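Okay, so here's the structure we're looking at.
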Amino acid sequence: MTRWIGQNRGFAAALALFLALYLSYHLIHPRGFSTAVLVQNSNELVAIGFVAMAQTVPVLLGGLDLSVGAIMTLAACVASWLLDGSPVQIALGMIATLAVGAGFGLINGLIVVYGRLQPIIATLATGAIAIGLALLIRPNPGGTVDGDLNWALTNSIYDFAETYGIANGGEAAWLQPFINIPVPLILLFGTACLVWLPFKRTVTGRTIYAVGSAEGAAFASGLPIDRARIAAFTLAGFFAACGGLYLAIQTSTGNADVVQAGAYTLNSIAAVVLGGTALLGGTGGVIASILGAMILRAVSFYFRILDIDPLLQPLIEGIVLLAAVSAVAFRTFRVKNQLELFR
Amino acid sequence: MTALTQIRPADRPILIAFSFTILILLIGTAYTMSTTGTVPLLQPSYLMQQLQIGSFLGLCAAGMMLVILTGHIDLSVPWTLTSAAMIATSVGGPWAIPAGLSVGLCVGLVNGFGVSVLRVPAMIFTLGLDTVLRGLMVARTGGFAPQDQATPAMLYLAKSKLMGVPVALFVWIAVSLLVTFILTRTTFGRALYAIGTNERAAWLSGIRTRAVVTGAFVGSGLCAALAGVLLAGYSAKAYQGMGNSFLLPAIAAVVLGGTHILGGRGRYAGTFLGVVLIVLLNSVLSIMQMPEALRQIIYGTVIIGMLLIYGRGMRVSE
């Protein structure tokens with residue numbers, strides 16, 4: 001246990017910070033520790049959580065993807081056309097939405113690898129293209145999303161089972177221990193565990209970490225660095241599309257909002273850093289970034305219950321963010337040989 | 001293509017950006033000739049007006065370039081610009097412009113401290129400071145556009161003309177000459193390139209890297225603040241979010257001008273041309289009455305396309 005903390009100091013610190021913030025939030029909240037509050041909070045977490053996951057993968061490479069917010073917006077706009085009709089149509093619509101995101105990520109990867117452009121500037125440009133496409137698809141906010149789907153995915157497991165009549169409409173005995181868990185939380189962590197954790201253990205996945213630590217060494221060891229780069233950006237597109245898909249289901253609309261896309265991209269970088277992933281690459285992980293997103297959200301939850309002047313909220317958010325990222329400065333003051341500061 | 005290869009590598013981006021600017025002008029002129037039979041794009045008065053609008057972006061890009069040369073990035077430009085404009089209009093009187101510029105100075109010092117002393121990645125520290133500045137301004141103004149008006153001096157700098165040329169253009173050219181001088185003729189300028197190439201080697205050879213990086217951020221803060229003061233003069237007042245549309249075009253202009261995004265390489269003439277290119281591209285697209293969606297797509301495609309011609313890096317970097 002102590003060894004694990006020593007090896008994952010950033011993750012452990014983020015976890016401690018989140019638990020402290022969130023548990024005391026529930027203690028102060030008049031209806032704390034209830035399913036309703038948990039469901040509401042997790043609904044607000046999903047989109048930024050997915051986008052933070054998306055941002056993590058290129059960051060592990062030592063790159064940065066400035067198009068994740070735009071891909072999320074594009075996916076939400078695509079989804080707002082496709083998530084209605086028979087169950088088969090809805091399922092195909094979901095697959096199509098995720099394919100659009102992954103495809104866009106693949107293009108990012110191809111441009112970065114074969115065009116040999118810096119990821120930060122290439123994705124800045126492709127982000128503009130994604131927003132343009134989203135505006136073409138949805139010039140005005142709107143769209144229809146199946147009502148059952150919206151209700152089932154944004155509530156607790158009991159409501160999910162009741163909506164679709166599974167397990168005796170949620171009354172089955174074996175389901176009882178789980179009925180209070182929010183579905184959005186399961187979607188978020190389920191995707192992370194089913195997609196990221198197996199991927200991380202493949203050669204391609206390990207290569208992403210290797211490229212982030214020492215690209216020259218990874219190349220010299222014969223690791224497939226081109227494949228890892230393309231896979232990383234494709235995966236980023238896929239996770240961003242997951243976020244967009246959920247956003248469309250949650251709001252029942254698609255909205256090509258340029259400002260919102262930019263805000264999601266910037267918040268995703270903040271979440272990645274708060275989760276303890278190094279922006280220089282090589283260390284960290286997707287689960288840690290979800291934790292970072294949870295911290296960001298937990299801070300904003302406080303505004304509702306503490307009766308803080310709404311005009312002061314952006315200021316407090318900014319100060320918390322700045323203070324949290326400046327905490328890495330402790331390392332700077334411990335360093336004995338100044339040369340170590342420069343990488 | 002053979003002629004291109006004989007040109008020095010540092011000049012290639014500048015030449016390509018220049019020829020692309022001409023190409024945009026030709027396409028725009030061909031369009032207006034075919035639809036209305038006029039050539040507004042080639043009239044000096046129209047070009048002057050476009051460059052006057054472009055000077056705000058040009059100032060932001062000049063500051064951004066100083067920071068990018070050191071291998072960092074300044075994402076606090078939007079709200080540095082807005083804060084400077086708001087402070088300048090609310091102070092008013094003869095001290096309006098110095099007050100606005102001092103906002104930029106303070107932001108630059110804080111950014112420099114965070115990035116060079118605390119060694120927080122610039123990407124996230126400047127972003128955090130941007131959020132704090134936004135918070136301060138929202139708390140101060142209540143989220144509305146402040147009622148204060150721009151002072152006569154600001155109006156003069158931004159709007160009036162001297163010998164038929166907008167004064168804002170003179171300001172931009174003066175800053176451009178200053179930045180060119182700093183980059184090519186001073187030790188500070190050379191140190192910016194040295195740090196961007198290899199910070200460790202720069203530090204070992206006696207360059208005070210902390211001071212130089214802080215200086216770059218101060219330069220960026222001052223330029224953004226000056227742009228804010230001018231923009232407030234141009235629109236006669238400051239308003240929320242007035243700087244939001246300057247960040248990404250400023251970065252794009254610097255990179256299109258051939259400055260390497262990881263620092264160490266680039267010339268100011270390129271950045272200048274990059275700004276002209278982006279401004280003209282925008283104005284041609286708006287003459288063609290291109291819908292916003294297609295504008296974004298063309299904008300992104302142009303950046304990718306131009307960088308594919310000359311911005312390609314090494315296959316494997318160390």
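Chain identifiers are assigned alphabetically (A, B, ...) following the order of the sequence lines, protein sequences preceding nucleic acid strands; residue numbering begins at 1 within each chain. Model, not experiment: these values are computed from the prediction.
Taking 4.5 Å as the limit, some side-chain heavy atom of A/Leu124 sits within range of a side-chain heavy atom of B/Leu248. Annotation: side chain of A/Val273 is not in contact with side chain of B/Met123 (no heavy-atom distance under 4.5 Å).
Contact detail for A/Ala122 and B/Ile304: the closest heavy-atom pair is O-CD1, 3.6 Å. Taking both residues in full, the closest heavy atoms of B/Val120 and A/Ser326 are given as CG2-CA, 3.9 Å, listed atom of the first, atom of the second, then distance. Across all their heavy atoms, B/Ala139 and A/Leu312 have their closest contact at CB-CD2, 3.8 Å.
For B/Leu133, no part lies under 4.5 angstrom from a heavy atom of chain A. Both the backbone and the side chain of A/Ile319 come within less than 4.5 Å of a heavy atom in chain B. Of the atoms belonging to A/Leu133, heavy atoms from both backbone and side chain fall under 4.5 Å from chain B.
To the nearest 0.5 Å, atom CD1 of residue B/Ile303 and atom CD1 of residue A/Ile121 are 6.5 Å apart.
Applying a 4.5 Å heavy-atom cutoff, none of the residues of residues 76-86 of chain B approach chain A.
For B/Phe113, the ring pair (Phe, Tyr, Trp, His ring centres under 6.0 Å) test picks out no residue, with sequence neighbours left out. Under the rule for a side chain to side chain donor-acceptor pair (under 3.5 Å), B/Tyr193 has no partner lying at least two apart in sequence or in another chain.
Among residue pairs with one or both ends in residues 122-143 of chain B, those qualifying as side chain to side chain donor-acceptor pair (under 3.5 Å) are B/Ser90-B/Arg140, B/Thr141-B/Gln240; sequence neighbours excluded.
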